[in-house]
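Below you'll find the structure, written out as structure tokens, and then a few comments.
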Amino acid sequence: MKLTIAVLAGDGIGPEIVGQGMKAIKAICNKYGHELHDKEALVGAVAIDAAGNPYPEETHELCMESDAVFFGAIGDPKYDSNPSAKVRPEQGLLAMRKKLGLYANIRPVTTFPSLIHKSPLRADLINGADFMCIRELTGGMYFGRPQGRSEDGDTAYDTCIYSREEVDRIVRLAYTYAQKRRKKVTVVDKANVLATSRLWRQVAQEIEKDYPDVETEYMFVDNAAMRIIQWPKSFDVMVTENMFGDILTDEASVITGSLGMLPSASIGIHTSVFEPIHGSYPQAAGKNIANPLATILSAALMFEYAFNLMEEGKVIRDAVTASMDAAIVTEDIAEQGKAYTTSEVGDWIADYINHL
Ligand code: IPM
Ligand code: MG
């Protein structure tokens with residue numbers, strides 16, 4: 001099969017972790033005889049430095065003509081300390097989401113037996129937890145207008161907007177995934193306060209009838225935040241709006257033991273993007289210490305979701321599990337013993353795939 005991939009490494013540790021992901025992707029393509037066409041492009045702070053735009057037109061065109069986008073991270077501390085900077089790296093990410101129509105961000109939360117002791121939660125609470133957060137990604141407060149300040153600068157406002165169509169397509173997607181899993185959907189909203197949430201709930205209640213084989217649960221977001229740490233095993237597929245999803249997925253990511261382990265897929269109208277959920281981790285950039293596993297697992301999601309190549313995805317996942325069982329891991333998840341570098345972990349995994 002011919003696989004055309006845009007490679008957007010971005011900022012901070014982006015180039016290092018994406019490099020390891022590419023090693024795994026190339027090993028898989030060799031093994032299964034896929035013809036890989038990969039091309040790099042700039043995004044984030046590096047794109048601002050080179051082109052004055054965090055998501056240059058050239059990058060957008062490359063993404064549009066690719067079957068999938070393999071993405072690292074964006075963000076640079078020099079912008080965080082300067083709230084009045086006119087162009088920010090994050091705008092590149094938001095522009096990419098909007099222009100590629102990446103309406104659904106999928107973040108699977110699974111536990112790894114060898115990491116359970118690293119979780120802030122008790123082992124019996126999380127052992128076997130396995131759920132999926134589906135976050136709406138192109139609507140809500142992130143994109144709603146008007147947004148800004150009053151003339152005197154002393155009042156600020158954001159607008160949360162959702163249309164029936166936006167809610168409909170993501171809620172249906174949640175049901176489709178639930179049908180392939182444990183057949184439960186939790187719709188997370190704040191329908192006791194927000195008008196947009198009441199629309200979400202109304203639309204979901206209508207859609208629910210089309211999926212009688214799936215159990216539906218409605219939950220307020222504050223309660224969901226509590227339940228994620230109290231009883232994570234009660235969730236199967238959770239679906240929610242953009243801002244709630246942003247917050248809940250960070251919360252969910254730590255229960256598995258390390259933020260460095262979680263991949264994500266953003267399903268789009270034009271193409272889909274695969275990236276680790278952690279950020280650009282600037283303190284580690286260039287040190288060859290960052291954990292590449294979330295990025296390598298994102299490559300697994302890419303084979304599965306963008307190309308429907310399930311076996312290839314599973315082989316990558318198995319290789320990651322094998323590296324953890326063999327304790328070939330970076331310092332964030334290493335035991336007292338030796339920690340390996342980013343590239344050593346990447347090489348080991350590519351090697352494992354080559355020798356299968
Ligand atoms: C995420 C990030 C982004 C978001 C930031 C970097 C704009 O936190 O992907 O979750 O808020 O969506
Ligand atoms: Mg976030």
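Hydrogens, waters and symmetry mates play no part in the numbers below; they use all other heavy atoms, side chains included. Atoms within each ligand, like the ligands themselves, are counted from 1 in listed order. Small disclaimer: the values here were computed from a predicted structure and weren't measured.
For ligand 1, the atoms lying closer than 4.0 Å to a non-hydrogen atom of R107 are 1 (C), 9 (O), 10 (O).
Residues R88 and D80 meet the side-chain proximity criterion, which asks for heavy atoms closer than 4.5 Å.
At least one heavy atom of R135 sits under 4.0 Å from some atom of ligand 1.
Distance from atom 2 (C) of ligand 1 to its nearest protein heavy atom, with residue and atom name: D246 OD1, 4.1 Å. In terms of protein heavy-atom proximity, atom 9 (O) of ligand 1 is nearest to R97 NH2, 2.7 Å. In terms of protein heavy atoms, atom 11 (O) of ligand 1 is closest to Y142 OH, 2.6 Å. In this structure, the protein non-hydrogen atom closest to atom 7 (C) of ligand 1 is E90 CG, 4.0 Å.
Around the Mg ion (ligand 2), the protein atoms of type N, O or S that sit closer than 2.8 Å are D246 OD1.
Annotation: cation-pi geometry not satisfied between K190 and F244 (NZ/CZ under 6.0 angstrom from ring centroid, within 45° of ring axis).
Closest approach of T186 to M219, counting heavy atoms only: CG2-CB, 4.0 Å.
Judged by distance alone, the side chains of T110 and D130 never bring a donor and an acceptor atom under 3.5 Å apart. Donor-acceptor pairing under 3.5 Å is lacking for the side chains of T249 and E251.
Taking the charged nitrogens against the carboxylate oxygens, K287 and E331 have no contact shorter than 4.0 Å, which rules out a salt bridge. For K118 and D332, the salt-bridge test fails: no basic side-chain N is under 4.0 Å from an acidic carboxylate O.
Every residue was checked against the ring pair (Phe, Tyr, Trp, His ring centres under 6.0 Å) condition with F70, not counting sequence neighbours, and none meets it.
For the pair D246 (side chain) and N242 (backbone), a donor-acceptor distance under 3.5 Å is absent.
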